[in-house]
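Beneath this line is the structure, given in structure tokens, with notes to follow.
Predicted model only: the values in this text are computed from it and were never measured.
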Amino acid sequence: MPELVVQLTRAGFLALLWLFVLAALRVVRSDLYAASGVRTELPPSKRDKKQPKSRGGGGGKQPRQLIVTHGALAGTRIALDDRPILIGRADDSTLVLDDDYASTRHARLSMRGSDWYVEDLGSTNGTYLDRAKVTAPLRVPLGVPIRIGKTVIELRP
């Protein structure tokens, strides 16, 4: 009887060890897919090709892209259309931040009329437009920094 208990204990320990390994692999896999999900939206070549023409034409500059200027994702560009942009740590966010100071659903950028507005979604550490804490939806002018944790983003023409 004691030998049976020892064998069952070994089998149980081995099963727990495999469950731990599989859980660790699942976390690593989700992190890899989240990082690659951001990169798939970045190169909309048609909008990037149109950008120099709108700069050269002057007047009436509208935001065409969201650029990460500081943080782990510095240099990341997301083309803007009419859809809102969700920013946070969640895998289904438009801009997935790997930042300890960002919440799962941290902020949202949305278009109202011809202007873009930033809205904090009840984050723990807050969202800042320039140096002002966002407590209600605020209009985002071109080139004004939006800070979420260690990440800074801007709207650019």
>> Given 3.5 Å as the limit, does a donor-acceptor pair link the side chain of N125 with the main chain of Y101, or not?
In response: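 Here the side-chain-to-backbone pair exists.
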
>> Check whether S110 reaches the backbone of P84 with its side chain - one donor and one acceptor, N or O, closer than 3.5 Å.
In response: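 Absent.
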
> Counting only heavy atoms not in D99, do more than 12 sit closer than 6.0 Å to its CG atom?
Replying inline: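 Correct, the count exceeds 12.
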
Hey, what do you get for [atom1] ([X]) to [atom2] ([Y]), rounding to the nearest 0.5 Å?
X    : Y    : atom1 : atom2 : answer
L22  : L17  : CG    : CG    : 9.5 Å
L138 : W116 : CG    : CH2   : 15.5 Å
K150 : D100 : NZ    : CG    : 6.0 Å
R156 : L66  : CZ    : CG    : 10.0 Å
L155 : Q65  : CG    : CD    : 10.0 Å

> Which atom pair, heavy atoms only, marks the closest approach of A107 to I148?
Replying inline: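 In this case the closest contact between A107 and I148 is CB-CD1, 3.9 Å.
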
> Nearest heavy-atom pair of L73 and L95: which atoms, and what distance?
Replying inline: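 Minimum heavy-atom contact is CD1-CD1, 3.9 Å.
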
>> Per the salt bridge (charged side-chain N to carboxylate O under 4.0 Å, His left out) rule, what does the pair list look like for residues 102-111, sequence neighbours excluded?
In response: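 Residue pairs passing salt bridge (charged side-chain N to carboxylate O under 4.0 Å, His left out), neighbours aside: D92-R105, R108-E119.
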
> I87 and side chain to side chain contact (heavy atoms under 4.5 Å, CB included): which partner among T94, V96, L109?
Replying inline: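 In the set T94, V96, L109, the residue that makes a side chain to side chain contact (heavy atoms under 4.5 Å, CB included) with I87 is L109.
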
> Passes side chain to side chain contact (heavy atoms under 4.5 Å, CB included), D120 versus H106? Steps please.
Replying inline: CA-CA 6 Å; D120 187 81; H106 197 102; 4.0 Å; yes

>> Do P145 and H70 have side chains that approach each other closer than 4.5 Å (heavy atoms only, starting at C-beta)?
In response: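 With C-beta onward as the side chain, the pair stays apart.
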
> Do you reckon L80 sits in the same ILVMFWY cluster as I67, going by side-chain contacts under 4.5 Å, direct or chained?
Replying inline: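 In one cluster: no.
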
> If you group Ile, Leu, Val, Met, Phe, Trp and Tyr by side-chain heavy-atom gaps below 4.5 Å, do Y117 and V152 land in one group?
Replying inline: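 Different clusters.
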
> Taking only residues at least two apart or on different chains, which pairs with a member in residues 128-145 satisfy side-chain hydrogen bond (donor to acceptor under 3.5 Å, both in side chains)?
Replying inline: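 Those involving residues 128-145 do not exist here.
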
> Taking ILVMFWY side chains as joined if any heavy atoms are under 4.5 angstrom apart, and letting links pass through other members, which residues group with L121?
Replying inline: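 So far as hydrophobic clustering goes, L121 is joined with L86.
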
